[in-house]
Colleague: 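A single structure is presented below for examination.
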Amino acid sequence: MERQLCAVQCRRSRISGRGVTSAKHSQCESAGRFWFIVCSVAVAVVLPTVSSIPSSTALVIPLMDEAECPSINGLVEIPSSGVLYAVCNTERIVALTGSTVTPLRTRHFDCSLTSLTYSNVTSLLYATCFPHQIVSISLVDGSVAALLPAGACTLPTAVLASTRSENVFATCDNTNPAPNPAAAAVVSVSPHGSVHSLYNASACYSLVESPVTGVVFASCDGRATIVAVQTGESSPAPLMLVSKAQCPSVSSLAFDASSKLLYFGCNAMEQLLAVNVDTLIITPVLDSASCPRPVSLSLSRVKPQLYVACKFDYAAQLSAVIRIDLPSGNVTTIADSSDCSNPGTLYHSDRRSLTIAMCSDSDIPTIGIASPPLKWWTTLSRLFCQLVLLDPASGLIYLGCDQSGIYSTTDPSLPVTVVATSSQCFLPKSMVLSATGTLYAGCANGIVSIRNGEVRNISTTLRSCHAITVVSTPAHPETIYASCFDGVVAIVDFH
């Protein structure tokens, strides 16, 4: 099978996060927080290996830096809104909307958060709360409620909201102080706290649900390392899908309902495998040369594609995030170790066409990978633009650029026009258009209005303004609401 081969050999400049370097067969260019990777392509007739997996042209976007979220322990997306919620450093939950990171206002957690899920049925977040609890979290008022009665789950390790009922499923670790194979390792928990044991084992660690049948698949310790658990009242006994002899230790799970294949990383065998949940036939997906340590899996819901975070060499810190086209088996590297060192938590958002990865040993802990690539705007390569706003009435594209102000253009291939200089709007944080066609921008030096080519600073005393919105009515002036360093403000613009 012919596979494209593209070696990305760029070394990143760590000075201010911006550097342009090139290497044979590759070129890396950065624009502010946006990294573009462009590769030439060769052809090889080999099975995928560390050096032969082709690399795609991908856009790597820093999403959260060390200060915003030093590490992710859980990540979930709200399907209706596309807002991402993440557990940061086991201490708090933040919402990621676009490039804006907002802490979720809740009462203080008297525990360490280690897993996160969202229920479309109850519209609540659920989190494992180390060492002994599972909590529900309201997105409306931030209220937190404990669900588990004492002793129901020795040590919760993962939680998953059911797609078919109000219940949530949890896995439990029963190895402390001594392994107890008779204890509940997979449980079903109702919103009122009633707990039903589904499977007993020394410990289970991760779980996924079939959206079609409601069967829950769990990775565990013991004789069975993957089990299928029926969740009804009078369900048959759990079914062993993978034995300890077939795979002693499972790292991550992803279930494709259309093919009835359950994908899993097998640590001891250093392989990515799949088991058919009907026939129990296990097939290799990637061998140890391609992805020796598949630490995290995420399956696209709209395309037959599987995303995998791979560790190649712990000592050399070699790693990659890859995409597998399931019908063809083609494998593409979408981020290498220079993009994401030591990848962990992985989530693919079909809504955003973005793969989010936690990179433990990178300068930017959380990145987004857009692939297929976005169009490279050559005219903007040196402007370091982070904000883009389209005026549908005029077709103008406004660009907020770090230290050079605001520009407009109708086409990336054409020269840009200066709308506001850096002295008028330094470090633009956000932009919004009013109903009357006025462009408002939040800048490090205040808020500016731009109308018919005139630039006015309407708040010279405010600093670092972002998250701007504007309310306009025919009978009243425009009112601008903004969150600034000095506080939340409302400004009336009489033009």
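Since we're looking at a predicted model, the values are computed, not measured. Position 1 is the first residue of the sequence; numbering continues from there.
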Colleague: Does a donor on one side chain sit under 3.5 Å from an acceptor on the other, for E77 and S349?
Modeller: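 Looking only at side-chain atoms, S349 and E77 do form a donor-acceptor pair, the distance falling under 3.5 Å.
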Colleague: Okay, side chain of D350, backbone of R301: is any donor-acceptor separation there less than 3.5 Å?
Modeller: yes
Colleague: Heavy-atom distance under 4.5 Å between the side chains of I324 and V308, does that happen here?
Modeller: yes
Colleague: Donor-acceptor pair, distance only, cut-off 3.5 Å: does the side chain of N276 make one with the backbone of I282?
Modeller: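 Side chain of N276 to backbone of I282, a donor-acceptor pair under 3.5 Å: no, none is there.
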Colleague: Would you say the side chain of Q133 lies within less than 4.5 Å of the side chain of C111, judging by non-hydrogen atoms?
Modeller: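 Not in contact.
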Colleague: Taking the six-membered ring for Trp and the single ring otherwise, decide whether the centroids of F255 and F217 are under 6.0 Å apart.
Modeller: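 Ring centres of F217 and F255 closer than 6.0 Å.
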Colleague: Does some side-chain heavy atom of V94 sit less than 4.5 Å from a side-chain heavy atom of L84?
Modeller: no
Colleague: May I ask you to decide if A161's main-chain N or O and T117's side chain share a donor-acceptor pair within less than 3.5 Å?
Modeller: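 Yes.
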Colleague: Between the side chains of D336 and T333, is a donor N or O closer than 3.5 angstrom to an acceptor N or O?
Modeller: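 No, no side-chain donor-acceptor pair sits under 3.5 Å.
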Colleague: Does T122 offer a backbone N or O that forms a donor-acceptor pair with the side chain of S119 under 3.5 Å?
Modeller: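 Side chain of S119 to backbone of T122, a donor-acceptor pair under 3.5 Å: yes, one is there.
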Colleague: Could you tell me if T345 and S296 have a donor-acceptor pair between their side chains, going purely by distance under 3.5 Å?
Modeller: no
Colleague: Within the distance-only criterion (no hydrogens, no angle test), does the side chain of S298 pair as donor or acceptor with the backbone N or O of H348 below 3.5 angstrom?
Modeller: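 Yes: the side chain of S298 pairs with the backbone of H348.
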Colleague: Taking atom types as modelled, find out whether S219 and S206 have a side-chain donor-acceptor pair closer than 3.5 angstrom.
Modeller: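 Indeed, the side chains of S219 and S206 share at least one donor-acceptor pair under 3.5 Å.
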Colleague: Using distance alone, with no hydrogens and no angle criterion, decide if S337 and S319 have a side-chain donor and acceptor under 3.5 Å apart.
Modeller: no
Colleague: In Å and rounded to the nearest 0.5 Å, what is the CG to SG distance from N200 to C172?
Modeller: 10.0 Å
Colleague: Taking the side chain from H132 and the backbone from C153, do they hold a donor-acceptor pair closer than 3.5 Å?
Modeller: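 Here the side-chain-to-backbone pair does not exist.
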Colleague: Check whether any side-chain N or O of T225 sits under 3.5 Å from a backbone N or O of V242 as a donor-acceptor pair, and report yes or no.
Modeller: yes
